[in-house]
Peer 1: 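There's a structure below that I have some questions on.
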There are 2 protein chains.
Amino acid sequence: MDFSQAQQSICRALDNNEMLLIAGNCNVKYDGRAGSRLDEGERLIIVKGDKSFAVHQNQKLTPVNYQSPGCTITTEITGNDTLLIKSLRRKPVKELIQVDFSDISFLTSLSLQDKNKLRLGGMETDIHKELVKDLGVVEQGLVPVKRESHMTRGSIDIYAMDKNRIPVVIEVKRRKAGLLEATQLKRYVTELRKQKNQRIRGILLAPDITDKAKAMLENDGLEFRKLNYEMQETDVKLKGLQAKQRGLAEFFN
Amino acid sequence: MDFSQAQQSICRALDNNEMLLIAGNCNVKYDGRAGSRLDEGERLIIVKGDKSFAVHQNQKLTPVNYQSPGCTITTEITGNDTLLIKSLRRKPVKELIQVDFSDISFLTSLSLQDKNKLRLGGMETDIHKELVKDLGVVEQGLVPVKRESHMTRGSIDIYAMDKNRIPVVIEVKRRKAGLLEATQLKRYVTELRKQKNQRIRGILLAPDITDKAKAMLENDGLEFRKLNYEMQETDVKLKGLQAKQRGLAEFFN
DNA sequence: GCTGGGAGAGGCTTA
DNA sequence: TAAGCCTTTCCCAGC
């Protein structure tokens, strides 16, 4: 493909905020927070209307090089008879991607009409919302006090009170909890204990937990509770206590 | 575009592990770990040779819906005269994306010849490697003992010994450190202190640190050191101690 | 703008 | 395979 013509098409697409697709043989340099080099080969470049920039190989979900929305894109035809496409970002740090095409095999710009936004459900906050409706699924007699309580060192997912009026810090995780999550809970509880100078319980609520994290929790006098939920469309449905747990709770009551 | 013809093109591209690009008016459903709905609009679908799957709107770097490499892709022409493309994954959890096209405005498959891989430098491990060559940039008299030492609870970046033969745990971060990083270091040091039952120093080495994280470190008797480095191509160049610090070190020596 | 923290995180390495 | 952890994380919500 003629580079001069390609250049024109690219400029027009950029001006109109269209989605720009370019494929061809190229090498890629990146210099910024890190640095990378990619020798010759055929890849696809995508520039979106918001001026995000991505270089894709024919594998992996994620681009091999990329630039966040808002970068500045320029093109030039070099002395070596290549088309050089630059993507520059200045903030928060200067970052530059240079794609040097020796050949362009494919170039298209798409004008995509799209007013709708993704509705996504099943995230941690969605689980929070369901939980505070009835903390009984975690433990009989548990009452929510505050959600997303901000502390000096991070924020607590749910702050509650148990039936004996002991404060309970609940850390909710939508997937299997590991050391990081256990440590996070520990941090909150430790700080609160110092602050209030009284007994504070800590519960890590997750679908599952790793052995090491479990051991760490127990070592620190913290608790793990299994979180049961399922998705229905974009909504979270909490599943109650398991029969065994429920029985136990009733027994102690 | 004729759906039947589109279907054929898609099958051929999938068989040949080509990069498949499809644009058109569609709605998108996702059900799996979470759930999402995206009402009608024009988007670009990308299927790569390794069967990764992405739905892109004309904004943001990241796809609005996606599937990791290895998913199974099927197509069918529905009764409503739409072309339905499904992407299914079974492990680790069942996940399904359904893209229902009422119209396809663009369809291409690209055969990309590409044998080269990205060479990326400036990651945390690259900094480790430079550091252990001369820990003097961190503190005069510091000697490396072990790199990436695995513990019961996580792994230590660099384990070293100071000039007084006090063990030092060094946690390296390539960017500004926050509460999470401070907590991580604390976790390692705490465990090691228990294990060895002796004084252990902990140093968080990063280009910068947030105020809260700094306060937390000091509160726990841990230290922060500024990490100075710059990129040269794909290589990390450590910059020595600042003049002031160097002067101080020499003074105490 | 900085900070904190989730994400359907993804992707990598090691046990 | 599971666990832990880095990422040019990206992205968003709060302040």
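Every chain is numbered from 1, with letters handed out A, B, ... down the list of sequences. Atoms considered below: every heavy atom in the structure, side chains included; atoms not considered: hydrogens, waters and symmetry mates. All values derive from a computational prediction rather than experimental measurement.
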Peer 1: So, are A:Lys133 and A:Glu130 salt-bridged, with charged N and O less than 4.0 Å apart?
Peer 2: yes
Peer 1: Would you say B:Arg175 places a side-chain N or O within less than 4.0 Å of OP1 or OP2 belonging to D:dT7?
Peer 2: no
Peer 1: Just to be sure I understand the rule, does B:Ile97 reach a base, reach only the sugar-phosphate, or reach nothing, if contact means heavy atoms closer than 4.0 Å?
Peer 2: base
Peer 1: Of the residues in residues 21-34 of chain A, which ones touch DNA chain D at a heavy-atom distance under 4.0 Å?
Peer 2: A:Tyr30, A:Arg33, A:Ala34
Peer 1: Which nucleotide in the list C:dG5, D:dG4, D:dC6 gets nearest to the side chain of A:Lys212?
Peer 2: D:dG4
Peer 1: One thing to verify: whether A:Glu76 and A:Lys86 come together as a salt bridge, which I'm taking to mean a side-chain N less than 4.0 angstrom from a carboxylate O.
Peer 2: yes
Peer 1: Heavy-atom nearest nucleotide on DNA chain D for A:Ala213 versus A:Asn65: which residue maps closer to 5'?
Peer 2: A:Ala213
Peer 1: Expressed as a whole number of angstroms, how long is the span from B:Leu180:CG to C:dG5:C1'?
Peer 2: 8 Å
Peer 1: Counting the atoms with a prime plus P, OP1 and OP2 as sugar-phosphate, which does B:Arg89 contact under 4.0 Å by heavy atoms, base, sugar-phosphate, or nothing?
Peer 2: base
Peer 1: Looking only at side-chain atoms of B:Pro69, point me to the closest of D:dG4, D:dC6, C:dG11.
Peer 2: C:dG11
Peer 1: Determine the Euclidean distance between corresponding P atoms of C:dG8 and D:dC5; express it in Å to zero decimal places.
Peer 2: 22 Å
Peer 1: For nucleotides D:dT8 and C:dG5, find the distance between their P atoms and express it as a whole number of Å.
Peer 2: 22 Å
Peer 1: Just checking, is any N or O donor in the side chain of A:Glu40 or B:Asn116 under 3.5 Å from an acceptor N or O on the other one?
Peer 2: no
Peer 1: Do NZ/NE/NH1/NH2 and the carboxylate oxygens of A:Asp157 and A:Lys146 come within less than 4.0 Å?
Peer 2: no
Peer 1: Below the 4.0 Å mark, does C:dG6 have OP1 or OP2 next to a side-chain nitrogen or oxygen of A:Lys173?
Peer 2: yes
Peer 1: So, A:Thr183 versus B:Arg187: side-chain donor-acceptor pair below 3.5 Å or not?
Peer 2: yes
Peer 1: Judged by each residue's nearest nucleotide on DNA chain C, which is more toward the 5′ side, A:Leu120 or A:Lys91?
Peer 2: A:Lys91
Peer 1: Does a side-chain N or O of A:Thr210 approach OP1 or OP2 of D:dG4 to a distance below 4.0 Å, or not?
Peer 2: yes
Peer 1: Looking at every strand, decide which applies to A:Glu124 at a 4.0 Å heavy-atom threshold: base, sugar-phosphate, or nothing.
Peer 2: sugar-phosphate
Peer 1: What is the distance, rounded to the nearest whole Å, between atom CE of A:Met231 and atom P of C:dG8?
Peer 2: 11 Å
Peer 1: Between A:Glu218 and A:Lys214, does any side-chain N to carboxylate O distance fall below 4.0 Å?
Peer 2: yes
Peer 1: Which nucleotide in the set C:dC2, C:dG4, D:dC12 lies at the smallest distance from any side-chain heavy atom of B:Lys60?
Peer 2: D:dC12
Peer 1: Output yes when at least one side-chain N/O atom of A:Arg37 is less than 4.0 Å from OP1 or OP2 of D:dT8, else no.
Peer 2: no
Peer 1: Verify the contact: side-chain N or O of A:Tyr188 to OP1 or OP2 of C:dG5, cut-off strictly under 4.0 Å; return yes or no.
Peer 2: yes
Peer 1: For A:Asp39, is there an ion pair with B:Arg119 - N to carboxylate O distance below 4.0 angstrom?
Peer 2: yes
Peer 1: When you check the phosphate oxygens OP1 and OP2 of D:dC6, does a side-chain N or O of B:Gln184 lie under 4.0 Å from one of them?
Peer 2: yes
Peer 1: Which whole-number value in Å describes the distance from A:Met216 CE to D:dA3 C1'?
Peer 2: 15 Å
Peer 1: Charged N to carboxylate O below 4.0 Å: is that the case for B:Asp50 and A:Lys60?
Peer 2: no
Peer 1: Looking at B:Arg174, does any N or O in its side chain come under 4.0 Å of the phosphate oxygens OP1/OP2 on D:dT9?
Peer 2: yes
Peer 1: Between A:Val172 and A:Pro92, which residue's closest nucleotide on DNA chain C lies nearer the 5′ terminus?
Peer 2: A:Pro92
Peer 1: Would you tell me if any nitrogen or oxygen in the side chain of A:Thr62 comes within less than 4.0 Å of OP1 or OP2 on D:dT9?
Peer 2: no
Peer 1: Return the 5'-most residue of the pair A:Ala177, B:Gly122 with respect to DNA chain D, ranking by each residue's nearest nucleotide.
Peer 2: A:Ala177
Peer 1: For the side chain of A:Lys176, counting heavy atoms from C-beta on, which of C:dG10, D:dC6, D:dA3 is nearest?
Peer 2: D:dA3
Peer 1: Quick one: A:Phe53 CZ to D:dT8 P, roughly how many Å, whole number?
Peer 2: 17 Å
Peer 1: Using a heavy-atom cut-off of 4.0 Å across all strands, would you classify A:Lys94 as base, sugar-phosphate, or nothing?
Peer 2: nothing
Peer 1: Within this structure, what is the NE2-to-C1' distance between B:His128 and C:dT13, rounded to whole angstrom?
Peer 2: 14 Å
Peer 1: Over all strands shown, is A:Val64 touching base, sugar-phosphate only, or nothing at heavy-atom distances under 4.0 angstrom?
Peer 2: base
Peer 1: Indicate yes or no: does B:Glu95 engage B:Arg89 in a salt bridge with an N to O separation below 4.0 Å.
Peer 2: yes
